[in-house]
Amino acid sequence: MTTPQGMTEAERRIVAVWAADCAARVLPVFEAEAPDDGRARDAIDRARAFARGDLTAAEEIRRRFVAGRAARNATSPAGVAAARSAAQAAGVAHMGAHALGAAAYAAKAVELAHPHDPRARGDEVEWQLAALSPDAAAALRTLPPVGDDPAGPLGAGLLATGVLGEVIREIQAHLR
């Protein structure tokens, strides 16, 4: 990839595992609301297949928005965030920075699903950090800080603001 947010294909395959794991933890939130919609589960499965080398980046680039459209079938903000986490996980094949998006949306889904638990989001981020392999952490360290590089998902858009931006900043601070 030509952007600092892209990573090498080998690095993207490594972080795809972590992104899929983050998204899989909140998949039940989406599936409880849209039990007949398999797009989010399929996106996570595709992220894992990409990580194993069973799918190419080119194959996934063509399908990267499918799971994001599943968010329309969610009935709550938590379900929407869970579907978007899966979509971000699938997007790692295209650009490695989407791994942080998968984690951020997963943490947001947990927080929204547990509005009376002030520790819900923090506990999820702690799990995410503990689940990082050393190789995935090293690959994520190559990414620019959220909001610094406009040429990708970590630019000035959705991932840089609100809860999503807070989660990504927390993860990046831990990694540095």
Side-chain angles (χ1 to χ4, degrees), residues 1-74 79-109 124 127-144 146 149 151-155 157-159 164 167-168 171-172 175:
M1 308 264 28
T2 58
T3 170
Q5 295 186 43
M7 297 183 182
T8 67
E9 184 168 321
E11 289 169 328
R12 291 192 317 272
R13 290 189 189 280
I14 291 166
V15 299
V17 173
W18 178 71
D21 289 347
C22 291
R25 285 177 54 90
V26 296
L27 181 62
V29 175
F30 173 75
E31 289 184 330
E33 298 177 13
D36 296 328
D37 190 335
R39 292 178 290 185
R41 179 174 294 278
D42 181 60
I44 294 167
D45 291 344
R46 289 192 335 264
R48 293 190 194 289
F50 173 75
R52 290 189 307 269
D54 295 341
L55 291 176
T56 66
E59 290 171 306
E60 282 308 288
I61 287 170
R62 288 190 300 272
R63 296 189 299 195
R64 69 185 183 272
F65 298 114
V66 173
R69 289 190 291 271
R72 294 183 208 143
N73 286 341
V80 169
R84 289 184 177 154
S85 178
Q88 291 283 318
V92 171
H94 172 247
M95 192 170 284
H98 285 294
L100 291 173
Y105 272 113
K108 181 178 181 176
E124 186 63 17
W127 178 89
Q128 293 170 350
L129 292 169
L132 269 171
S133 71
D135 289 339
L140 290 173
R141 276 189 207 97
T142 69
L143 296 171
V146 66
D149 175 23
L154 297 180
L158 285 174
L159 293 183
L164 302 174
V167 170
I168 292 172
I171 291 170
Q172 287 188 316
L175 290 171

Does the [X] side chain pair with the main chain of [Y], one donor and one acceptor, at a distance under 3.5 Å?
{"X": "Arg12", "Y": "Met7", "answer": "yes"}
{"X": "Arg46", "Y": "Ala90", "answer": "no"}
{"X": "Glu11", "Y": "Ala139", "answer": "no"}

Least distance between heavy atoms, [X] atom then [Y] atom:
{"X": "Ala86", "Y": "Ala43", "result": "O-CB, 3.6 Å"}
{"X": "Ile171", "Y": "Ala103", "result": "CD1-CB, 3.8 Å"}
{"X": "Met95", "Y": "Pro153", "result": "SD-CD, 3.0 Å"}
{"X": "Ala99", "Y": "Ala19", "result": "CA-CB, 3.9 Å"}
{"X": "Ile14", "Y": "Ser133", "result": "CG2-OG, 4.3 Å"}
{"X": "Gly79", "Y": "Phe30", "result": "O-CD1, 3.7 Å"}

Side chains of [X] and [Y], heavy atoms from C-beta outward: is any pair under 4.5 Å?
{"X": "Gln172", "Y": "Leu154", "result": "yes"}
{"X": "Trp127", "Y": "Cys22", "result": "yes"}
{"X": "Glu33", "Y": "Asn73", "result": "no"}
{"X": "Leu100", "Y": "Trp18", "result": "yes"}
{"X": "Phe50", "Y": "Glu9", "result": "yes"}

- Task: Going by the side chain to side chain contact (heavy atoms under 4.5 Å, CB included) test, name the single residue among Val167, Leu159, Val80 that passes it with Tyr105.
- Result: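 Testing Tyr105 for a side chain to side chain contact (heavy atoms under 4.5 Å, CB included) against Val167, Leu159, Val80 leaves exactly one candidate, Leu159.
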- Message: Which residue is it: Leu143, Leu132, Val92? I am looking for the one with a side chain to side chain contact (heavy atoms under 4.5 Å, CB included) to Val15.
- Response: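 Filter result, single survivor: Val92.
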- Query: Distance from Ser85 atom OG to Leu27 atom CG, nearest 0.5 Å?
  - Reply: 9.0 Å
- From the options Asp21, Asp42, Asp54, select the one residue that forms a salt bridge (charged side-chain N to carboxylate O under 4.0 Å, His left out) with Arg48. Asp21
- Item | Exceeds 12 heavy-atom contacts within 6.0 angstrom, atom CG of Leu129 |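 Enclosed: over 12 neighbouring heavy atoms sit under 6.0 Å from CG of Leu129.
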